[in-house]
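One structure is given here, and the rest of the page talks about it.
So you know, we letter chains A, B, ... as the sequences are listed, proteins then strands, and number each from 1. The analysis underlying the following values was restricted to heavy atoms, covering all of them including side chains, and did not include hydrogens, waters or symmetry mates.
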Protein chains: 2
Amino acid sequence: MAGISGGKNYHHGDLRNALIRAAVDLATEGGPERVVLREAARRVGVSPTAAYRHFDGRGELLRTVRAHARVRLAEAMERAAAREPGADDPALAAERRLAALCRGYVGFAVEHPGLYRAAFCAGRPAPGEPPVGVPVPPEPEIRAFTLLKESLEALDRTGGRRPAAGAAAWSAVHGLSLLLLEGPLRRLSARRRDDVVETTLAMVVSGARTP
Amino acid sequence: MAGISGGKNYHHGDLRNALIRAAVDLATEGGPERVVLREAARRVGVSPTAAYRHFDGRGELLRTVRAHARVRLAEAMERAAAREPGADDPALAAERRLAALCRGYVGFAVEHPGLYRAAFCAGRPAPGEPPVGVPVPPEPEIRAFTLLKESLEALDRTGGRRPAAGAAAWSAVHGLSLLLLEGPLRRLSARRRDDVVETTLAMVVSGARTP
DNA sequence: CTGGAATGTTCATGCGGTCAACATCGGGCA
DNA sequence: TGCCCGATGTTGACCGCATGAACATTCCAG
């Protein structure tokens with residue numbers, strides 16, 4: 001057992017998790033492209049190749065970080081929705097929840113740009129890393145999307161809804177986040193940014209309602 | 001003059017443009033991360049460092065490709081809008097144009113994934129490339145966005161419109177494109193993809209209209 | 001106790017970005 | 001006309017990164 005014994009000298013004891021933590025830190029600091037195997041190893045105080053005992057390579061390390069980031073994103077969305085006051089009218093409540101989830105989504109992206117970008121980085125090989133030949137394995141459901149879908153289904157029960165509205169809503173918040181983070185909408189003042197966010201949310205909600 | 005004389009031996013004659021062409025090809029094939037200085041030079045048949053006589057480094061080469069890609073994107077949008085039949089009702093015509101522009105946008109992204117991603121890649125340094133210290137210079141207007149804005153202004157003249165609706169519309173098409181390209185919406189059948197696109201477009205149009 | 005399985009380390013290869021020093025070419029000025 | 005300088009390429013070298021092979025160190029099961 002790796003138990004509480006912690007770090008010996010030669011054998012780290014919990015290298016895998018230590019590397020993940022370091023990699024998540026790196027992603028938080030500079031996004032997925034900053035997740036560099038050697039740097040993670042360095043931070044943990046171990047030789048670069050040691051990581052290969054726990055990961056297939058940089059790709060798998062990055063995928064692990066991505067999974068972590070997706071969980072954090074979903075948590076942020078749920079927190080935002082939980083803060084939202086309820087409403088007597090179920091239709092109104094459904095709308096509010098949808099908007100709150102979206103706000104949580106964009107808020108997470110703005111507050112943790114690197115992590116957010118890591119959450120959706122493709123497994124695309126970076127230059128210097130040979131491309132994988134294997135077909136991409138099916139990915140697990142992304143909770144952030146599930147939340148949006150469920151929220152839209154709730155709206156559904158209170159009125160008409162367009163099919164595929166979930167993807168449309170997701171497109172809007174995802175695109176907005178990226179434009180704010182690294183696109184031409186970056187360096188918007190917080191005030192103007194909120195305007196854009198609210199306008200987009202209104203679009204999402206009204207777009208989901210029109211049948 | 002570099003004239004028609006073309007390629008001597010030692011002096012290429014038009015290296016800059018040849019490199020740009022090669023780099024655009026690379027981006028078309030594999031997106032911005034495939035734009036590798038050494039490879040571009042290789043394709044042109046020149047030594048890697050020769051590129052430094054014409055570009056500040058990989059970063060500038062990539063920025064040049066990005067500018068090119070943005071122009072191509074705008075052209076695709078305008079072509080799509082031009083194909084759209086007019087309408088007697090100016091309001092209807094405006095809606096149609098907006099939808100057509102968006103369709104052109106997403107269509108370009110789907111048809112030229114690499115180039116599209118290159119169009120919006122941040123100047124973020126790739127690993128192996130030291131980060132630039134200089135503050136990012138202001139970027140020129142992006143024509144794709146201008147087109148959307150103008151289209152929304154036209155809609156405006158025929159009815160109410162929310163402020164910042166341009167950014168909202170852009171967010172939707174941009175996010176949709178990325179989700180289709182490298183996000184969880186990739187490997188959707190063409191049929192389902194069209195469904196999602198149309199639903200998103202409906203969201204954009206209806207969202208722009210509600211005051 | 002002890003030997004094999006785990007887990008790290010060292011060494012080496014190959015690719016990419018970039019810089020400095022050197023080679024070539026071509027056109028303008030004496 | 002002829003030569004020299006600046007523009008344009010080339011070589012060679014350095015550094016970081018991803019990875020794989022071979023070797024070292026521990027630890028635990030038998």
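The distance from atom OH of A:Y52 to atom C1' of D:dA22 is 16 Å, rounded to the nearest whole Å. One atom, CG of A:L62, and another, C1' of D:dT19, lie 16 Å apart when rounded to the nearest Å. The distance from atom CD of A:E39 to atom C1' of D:dG16 is 11 Å, rounded to the nearest whole Å. Rounded to an integer number of Å, the gap from A:L61 CG to D:dA18 C1' is 12 Å. Spacing between atom CG of A:L37 and atom P of C:dC15 amounts to 19 Å, rounded to whole angstrom units. Taking atom CG on A:D14 and atom P on D:dC27, their separation rounds to 15 Å, with Å as the unit. Between the P atom of C:dT18 and the CD atom of B:E60 lies a distance of 11 Å, rounded to the nearest Å. Here the P atom of nucleotide D:dA18 and the CD atom of A:E33 are 13 Å apart, to the nearest Å.
Computed from C1' positions of five pairs at each end, the angle between the two local axes of the helix from C:dC1-D:dG30 to C:dA30-D:dT1 equals 20°, rounded to 10 degrees.
Under the 4.5 Å side-chain criterion, counting only non-hydrogen atoms from C-beta, B:L188 is in contact with B:L185.
For residues 103-114 of chain B, the set of pairs meeting the salt bridge (charged side-chain N to carboxylate O under 4.0 Å, His left out) definition, not counting sequence neighbours, comprises B:R103-B:E198.
Heavy atoms of A:R16 sit nowhere under 4.0 angstrom from any nucleic acid atom.
B:S47 contributes no side-chain N or O that forms a donor-acceptor pair with the base of D:dT11 under 3.5 Å. A donor-acceptor contact under 3.5 Å is not formed by the side chain of B:R58 with the base of C:dG16.
Ion pair A:R43/A:E29 flagged as a salt bridge, since at least one NZ, NE, NH1 or NH2 atom sits closer than 4.0 Å to an Asp/Glu carboxylate oxygen. Look at A:R157 and A:E153 and you find no salt bridge, because none of the NZ, NE, NH1 or NH2 atoms lies under 4.0 Å from a carboxylate O. Salt bridge present: A:R42 and A:E39 bring a charged side-chain N and a carboxylate O closer than 4.0 Å. A salt bridge does not link A:E75 with A:R143: every distance from a Lys NZ or Arg NE/NH1/NH2 to an Asp or Glu carboxylate oxygen is 4.0 Å or more.
Contact check, A:H12 against C:dA6: no side-chain N or O comes under 4.0 Å of OP1 or OP2. A sub-4.0 Å separation between OP1 or OP2 of C:dG8 and a side-chain N or O of A:H54 is present.
Nucleotides of DNA chain C nearest to A:A51 and A:R38 differ in position, and the one nearer the 5' end is that of A:A51. Nearest-nucleotide positions on DNA chain C place B:V35 closer to the 5' end than the other of B:R53 and B:V35.
Taking every side-chain heavy atom of B:R42 into account, C:dG16 is the closest of D:dT19, C:dT9, C:dG16.
Checked against B:D195 for a salt bridge (charged side-chain N to carboxylate O under 4.0 Å, His left out), the options B:R191, B:R192, B:R193 give a single hit: B:R191.
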